[in-house]
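Comments concern the structure below.
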Amino acid sequence: MKKLVLASGNPGKLREFGQLLAPFDFEVLPQSAFDVPEAEEPHITFVENAIAKARHAARLTGLPALADDSGLCVPALGGAPGVFSARYGGEPKSDARNNEKLLADLAGVADRRAHYVAVLVLMRHADDPQPVVTEGEWHGEIIDTPRGGGGFGYDPYFLVPGTGFTAAELPHEEKNRFSHRGKALAQLIERLRLGM
Ligand code: IMP
């Protein structure tokens, strides 16, 4: 099996990527197994941060690397929280504070549209001039009263049109199927099927 390092310390992502990429002969290993410290994410676009993370992991391990970056974008707020989604309400990061700030920013705003974005980057090596880049979006709208106990982050306030449910009310498998991450991952798998 070919080793692939995941530029993340999230055990849920490691399990999910590991299962989905096993049929392509990839053994997905966490960057912590190689003592890779978290990369800087200094950029204001998802794709730049995902590339920075993948390049950092590939450079320090000498292996192909996979990175993801994701967040929530609200057009009425100029795309915010965007790449600052995890820490929108300040440090230390807190979903409750992030949601509180999002609702305060949207007070009195009629346009409640929002979409999640996920970008995946697969680099064959640190100097790869043509990494595989895929992107998924999941569109919805922000409501004022939270609903549901599943998901994480902004999910209790993210209403999925046509379902009547928030992302936090959807069963796990259903969220994975429709979500930004699910779509980006499906595209990545398609690219691997075509030989990258
Ligand atoms: P990361 O890419 O896993 O670091 O996620 C960045 C941040 O975006 C998270 O901390 C959440 O605030 C937000 N986010 C990304 N994906 C989701 C999602 O599926 N549901 C809720 N929030 C999300």
Side-chain angles (χ1 to χ4, degrees), residues 6-18 20 28 30-32 36-54 56-57 65-74 77 79-106 112-122 133-143 146-161 163 165-186 188:
L6 181 65
S8 164
N10 182 321
K13 285 184 188 169
L14 180 69
R15 195 176 45 246
E16 191 178 316
F17 287 126
L20 287 160
V28 183
Q31 64 178 10
S32 57
V36 175
E38 292 214 343
E40 297 284 320
E41 296 181 43
H43 304 292
I44 58 165
T45 66
F46 298 110
V47 65
E48 287 173 295
N49 284 329
I51 287 173
K53 286 191 270 189
H56 177 77
L66 176 66
D68 77 326
D69 203 36
S70 63
L72 181 77
C73 293
V74 179
L77 302 177
V83 298
F84 305 107
S85 291
R87 293 176 166 76
Y88 197 45
E91 296 281 359
K93 62 181 174 182
S94 145
D95 286 343
R97 269 205 304 278
N98 292 342
N99 282 312
E100 206 176 301
K101 174 159 170 53
L102 179 66
L103 292 189
D105 289 352
L106 283 173
R112 309 294 290 220
R113 288 172 305 148
H115 57 272
Y116 285 123
V117 179
V119 174
L120 293 178
V121 170
L122 196 160
V133 179
T134 66
E135 181 175 308
E137 291 184 12
W138 193 22
H139 290 255
E141 60 187 72
I142 303 300
I143 56 173
R147 293 194 337 229
F152 66 100
Y154 301 92
D155 284 346
Y157 296 88
F158 185 84
L159 186 68
V160 183
T163 67
F165 294 125
T166 67
E169 290 176 308
L170 289 180
H172 198 243
E173 312 74 55
E174 214 158 310
K175 180 183 169 188
N176 288 343
R177 195 141 43 90
F178 296 124
S179 77
H180 46 314
R181 243 183 312 284
K183 288 173 189 156
L185 199 51
L188 181 76

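All values below come from the heavy atoms of this structure, side chains included, with hydrogens, waters and symmetry mates left out. Indexing begins at 1, ligand by ligand and atom by atom, following the structure's order.
Using a cut-off of 4.0 Å between Lys/Arg side-chain N and Asp/Glu carboxylate O, Glu41 and Lys53 are scored as salt-bridged.
Every atom of ligand 1 is numbered from 1 in the order shown, and the set under 4.0 Å from a heavy atom of Ser85 is 7 (C), 8 (O), 12 (O), 13 (C). Near Lys175, with a cut-off below 4.0 Å to any heavy atom, the atoms of ligand 1 are 18 (C), 19 (O), 20 (N).
Counting heavy atoms from C-beta on, the side chains of Leu102 and Tyr154 come closer than 4.5 Å.
When Asp95, Asn176, Asp155 are ranked by how near their heavy atoms come to atom 20 (N) of ligand 1, first place goes to Asp155. Considering Gly150, Ser70, Pro81, Gly89 only, the shortest heavy-atom separation from atom 2 (O) of ligand 1 involves Ser70.
Given atom 12 (O) of ligand 1, the protein heavy atom at minimum distance is Tyr154 CE1, 3.2 Å. Scanning all protein heavy atoms for the shortest distance to atom 9 (C) of ligand 1 gives Phe152 CE1, 4.1 Å. The protein non-hydrogen atom at the shortest distance from atom 16 (N) of ligand 1 is His180 NE2, 3.1 Å.
Within the 3.5 Å criterion, the main-chain N or O of Val47 finds no donor-acceptor partner in the side chain of Asp69. Side chain of His56 to main chain of Pro37: a donor-acceptor pair is present (N/O by atom type, distance under 3.5 Å, no hydrogens or angles).
Within the 4.0 Å heavy-atom criterion, the part of Tyr116 lying near ligand 1 is the side chain and not the backbone. Residue contacts with ligand 1, taken as heavy atom pairs separated by less than 4.0 Å, involve Arg181 solely via side-chain atoms from C-beta onward.
In this structure, atom 4 (O) of ligand 1 has no protein heavy-atom contact shorter than 4.0 Å.
If you check the side chains of Tyr116 and Asp155, you find a donor sitting under 3.5 Å from an acceptor.
In this structure, CZ in Arg15 is found 12.5 Å from CG in Leu6, a value given to the nearest 0.5 Å.
In plain terms, the two heavy atoms of Glu40 and Ala52 that are nearest each other are O-CB, 4.2 Å.
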